[in-house]
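Remarks on the structure that follows.
Scope of the values below: all heavy atoms of this structure, side chains included, with no hydrogens, waters or symmetry mates. Below, read A as the first sequence line, B as the second, and so on, with proteins coming before strands; counting in each chain starts at 1. Note that the structure is predicted; figures quoted are calculated from it, not measured.
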There are 2 protein chains.
Amino acid sequence: MSGKKVTLRDIAEHLGVNTSTVSRALNPKTSKMLTAEQVRRVQQAADELGYVQNTMAYALRKGRSMTIGVIIPDLMNPVFPPILKGIINYLNREGYTSIIAYCENDIELALTEIKRMRGRQVDGFILAGAFRDDASVDYCVENKIPAITVGRSIDKDLVDKIVIDNESGMQQIIEHLLELGHKEIALIAATQNISDGYERYQAYRHLLQEQGIEVKEDLIVFAQAFKHAAGQEATRELLARKVPFTAVIAANDLVALGCIEELENHGLNCPADVSVIGFNNMPYLDQFRVPLTTIEIPRLKMGEKAARLILERLNKPNMPLQHIVLEPKLLERRSTAPCKG
Amino acid sequence: MSGKKVTLRDIAEHLGVNTSTVSRALNPKTSKMLTAEQVRRVQQAADELGYVQNTMAYALRKGRSMTIGVIIPDLMNPVFPPILKGIINYLNREGYTSIIAYCENDIELALTEIKRMRGRQVDGFILAGAFRDDASVDYCVENKIPAITVGRSIDKDLVDKIVIDNESGMQQIIEHLLELGHKEIALIAATQNISDGYERYQAYRHLLQEQGIEVKEDLIVFAQAFKHAAGQEATRELLARKVPFTAVIAANDLVALGCIEELENHGLNCPADVSVIGFNNMPYLDQFRVPLTTIEIPRLKMGEKAARLILERLNKPNMPLQHIVLEPKLLERRSTAPCKG
DNA sequence: CTGAAAGCGCTAACAT
DNA sequence: ATGTTAGCGCTTTCAG
């Protein structure tokens with residue numbers, strides 16, 4: 001009941017049977033080999049003695065650890081906790097455990113963490129912070145470790161992926177802005193080595209063209225990170241170019257918030273003078289000084305789908321490459337307003 | 001290089017030596033038994049073949065899994081990610097891995113998760129969401145599994161703990177409010193089964209008395225959760241009592257935000273009519289509609305200290321009970337203002 | 001239907 | 001300084 005851990009052998013000795021009998025009785029897949037009575041006895045003894053299976057021994061024997069490694073770029077970025085929650089929830093329900101590492105957007109670190117986790121015999125990886133060209137994905141593929149990406153994806157078709165439809169997100173943004181009468185629409189794009197950043201940038205270009213609106217290079221600027229400060233800096237650069245604009249599409253909400261602050265520093269009000277749109281719908285955004293119009297993405301669901309997908313991949317190593325696309329949705333709040341011009 | 005995993009034996013055969021030699025060479029603690037040359041050869045071979053230690057086998061053999069279980073109430077509450085980050089960082093650096101579970105403030109669930117983790121042979125637990133009376137702590141103690149609490153603590157002196165000085169936090173709040181001239185200070189207290197809630201409530205009472213201010217029971221109300229909606233509800237109740245107040249101390253920032261919103265619904269402005277103070281300093285609070293005056297707590301540090309403490313406990317099972325107190329600090333923003341009365 | 005025995009990969013006595 | 005051997009707790013042939 002207390003202290004020392006109870007093993008299969010303890011139960012076996014207690015009952016005067018062989019450990020293999022106990023093992024079989026406790027495993028639903030093999031318990032039908034035994035008499036129902038025997039199974040009952042064993043199960044009762046296990047309960048009484050407080051037996052908990054030693055996952056380490058199980059893993060060593062079976063070569064499966066029932067563990068999934070999850071790599072995220074940054075716990076502090078509010079996008080990731082819900083994804084993580086979705087993953088952990090689903091995995092737990094299926095008897096799996098997840099181990100988390102974050103890589104601070106550092107590809108070297110990601111690889112180190114992956115190797116470390118590999119030592120722990122993880123059965124597969126969920127990569128939530130991949131770059132378009134990512135050495136850690138290559139490592140997984142080379143070493144035949146099942147892996148999938150969720151959110152940010154890689155360019156090559158190497159692994160299963162869960163993505164959101166950035167094209168659709170950008171389209172909703174642009175339609176919204178157009179309806180409000182905006183014509184001079186600036187873009188604070190994310191770094192182009194990340195799929196979301198790249199895809200939204202591309203979508204911005206060709207969607208504007210489709211609408212017969214000229215894409216001015218001077219209205220495109222790049223944020224160095226998905227952070228508030230990066231948004232300020234990018235906005236400063238944009239303003240310095242002295243090309244007029246009435247709306248800004250930001251790389252994400254944090255960048256949008258930084259943008260708004262910097263606009264104000266230059267005497268520009270949002271949304272009166274400039275409309276600003278974010279991306280992701282981070283928590284409590286409705287409580288912010290300027291409630292941000294943004295794109296909502298189904299984060300919890302992304303996590304759940306990712307968990308489900310990696311397990312599916314584990315069970316069917318040869319199934320064709322999966323590519324799951326989730327729909328984002330525009331959320332109108334108060335950072336966008338009709339164009340005054 | 002690819003596919004199959006490389007074991008100690010592979011290296012041994014490759015080099016024509018015994019596995020134990022390889023084992024010794026790769027372990028810094030035992031490598032001095034061998035010639036420097038031998039160690040070098042082994043290490044090189046290990047690198048070339050891409051050896052990664054099988055932690056499961058190691059754990060099985062040593063009876064230590066190099067894993068710490070971390071239980072938090074809710075990933076979505078912005079207080080926890082930084083704590084988690086501090087924990088993971090420190091633990092990784094020391095060669096440990098953490099596995100996370102959250103219990104949704106459900107004590108049954110917490111116990112289930114703890115048992116599950118025990119099956120994975122975790123060496124110890126960090127409990128970040130304990131209740132004052134908590135069955136999971138009892139379980140750990142009974143089964144002699146090292147455990148500590150961080151933040152919320154238990155009443156009994158059973159395990160090591162990291163706490164913040166709630167008394168000091170409340171004192172800073174009350175001093176601040178008094179300086180602003182407030183006399184009618186309401187409290188939206190947290191549930192009393194959580195140490196932070198209880199301690200702050202007690203501190204509120206006796207600190208007011210110390211200042212010669214009457215504690216009016218009608219100015220004390222309880223929030224059912226650390227959430228926005230709970231703050232609104234509590235504020236509604238407070239308002240319904242029709243007892244005048246000019247300041248509110250909230251259970252945490254989320255509750256404070258809810259409070260402010262509900263005050264506005266009743267035509268009361270913060271800080272013009274009522275000053276409101278939060279607790280925790282959640283991220284981006286300065287960007288909110290009403291930038292909240294609040295108490296900052298060293299979350300990252302709490303996590304690091306917790307990680308450090310559990311490892312210390314593992315190595316010195318008999319050291320006296322540790323009780324680490326961290327200092328909170330008032331952060332003045334714009335939700336508090338001089339009393340008009 | 002159940003028992004005996006081997007072995008997953010590793011470390012730590014115990015040899016030599 | 002290195003090799004031999006046993007065994008951590010479990011599952012799984014192979015026997016019976």
Check your understanding: For the base of D/dT4, is there a side-chain donor-acceptor partner from B/Ser20 under 3.5 Å away?
Key -> yes

Point to revise | Distance, nearest 0.5 Å, that separates CG of A/Asn92 from CD1 of A/Ile88 | key: 7.0 Å

Check your understanding: Does a donor on one side chain and an acceptor on the other come within less than 3.5 Å for A/Gln43 and A/Arg40?
Key -> no

Practice item. Let me know the distance between CG of A/Leu60 and P of C/dA6, rounded to the nearest Å. Key: 17 Å

Revision key, fill the gap. Testing D/dC10, D/dT2, C/dT2 for proximity to the side chain of B/Met33, the answer is D/dT2

Exercise for review: Pick base, sugar-phosphate or nothing for B/Asn18, based on heavy-atom distances below 4.0 Å to the nucleic acid.
Suggested key: base

Check your understanding: Which part of the nucleic acid does B/Thr35 contact within heavy-atom distance under 4.0 Å: base, sugar-phosphate only, or nothing?
Key -> sugar-phosphate

Practice item. Give the nucleotide from the list D/dC10, C/dC8, C/dC10 with an atom nearest to the side chain of A/Thr7. Key: D/dC10

**Study point:** B/Met117 and B/Ile71, any side-chain heavy atoms less than 4.5 Å apart
**Key:** yes

Check your understanding: Which of these passes side chain to side chain contact (heavy atoms under 4.5 Å, CB included) with A/Val42: A/Val22, A/Leu34, A/Asp47?
Key -> A/Val22

Review point. Which whole-number value in Å describes the distance from A/Met56 CE to C/dG7 P?
Key: 24 Å

Review point. Roughly, in whole Å, what's the span from NZ in A/Lys5 to P in D/dG9?
Key: 9 Å

Revision key, fill the gap. Of B/Leu34 and B/Ala57, the one whose closest nucleotide on DNA chain D sits nearer the 5' end is B/Leu34

Point to revise | Interatomic distance, B/Asn27 CG vs C/dA12 P [rounded to whole Å] | key: 7 Å

Check your understanding: Has A/Lys32 got a side-chain N or O lying under 4.0 Å from the OP1 or OP2 atom of C/dC1?
Key -> no

Check your understanding: Taking atom C1' of D/dC10 as reference, at what distance in whole Å does atom CZ of A/Arg9 sit?
Key -> 12 Å

Check your understanding: In whole angstrom, what separates B/Leu8's CG from D/dT5's P?
Key -> 18 Å

Check your understanding: Just checking B/Thr21: base, sugar-phosphate only, or nothing, at a heavy-atom cut-off of under 4.0 Å?
Key -> sugar-phosphate

**Study point:** Distance, rounded to the nearest Å, where B/Arg64 contributes CZ and C/dG9 contributes P
**Key:** 23 Å

Check your understanding: Can you tell if the side chain of A/Arg152 reaches within under 4.5 Å of the side chain of A/Asp134, non-hydrogen atoms only?
Key -> no

Review point. Is A/Arg24 side chain donor-acceptor paired with the C/dG3 base, going by distance under 3.5 Å alone?
Key: yes

Check your understanding: Counting side-chain heavy atoms from CB outward, which of C/dC8, C/dG3, D/dG9 is closest to A/Asn54?
Key -> D/dG9

Check your understanding: Taking only side-chain nitrogens and oxygens of B/Gln53, does any of them come within less than 4.0 Å of OP1 or OP2 of C/dT11?
Key -> yes

Review point. Does A/Tyr58 have a side-chain nitrogen or oxygen under 4.0 Å from the phosphate oxygens OP1 or OP2 of D/dC8?
Key: no

Revision key, fill the gap. Taken to the nearest whole Å, NZ/B/Lys62 to C1'/C/dG9 is 14 Å

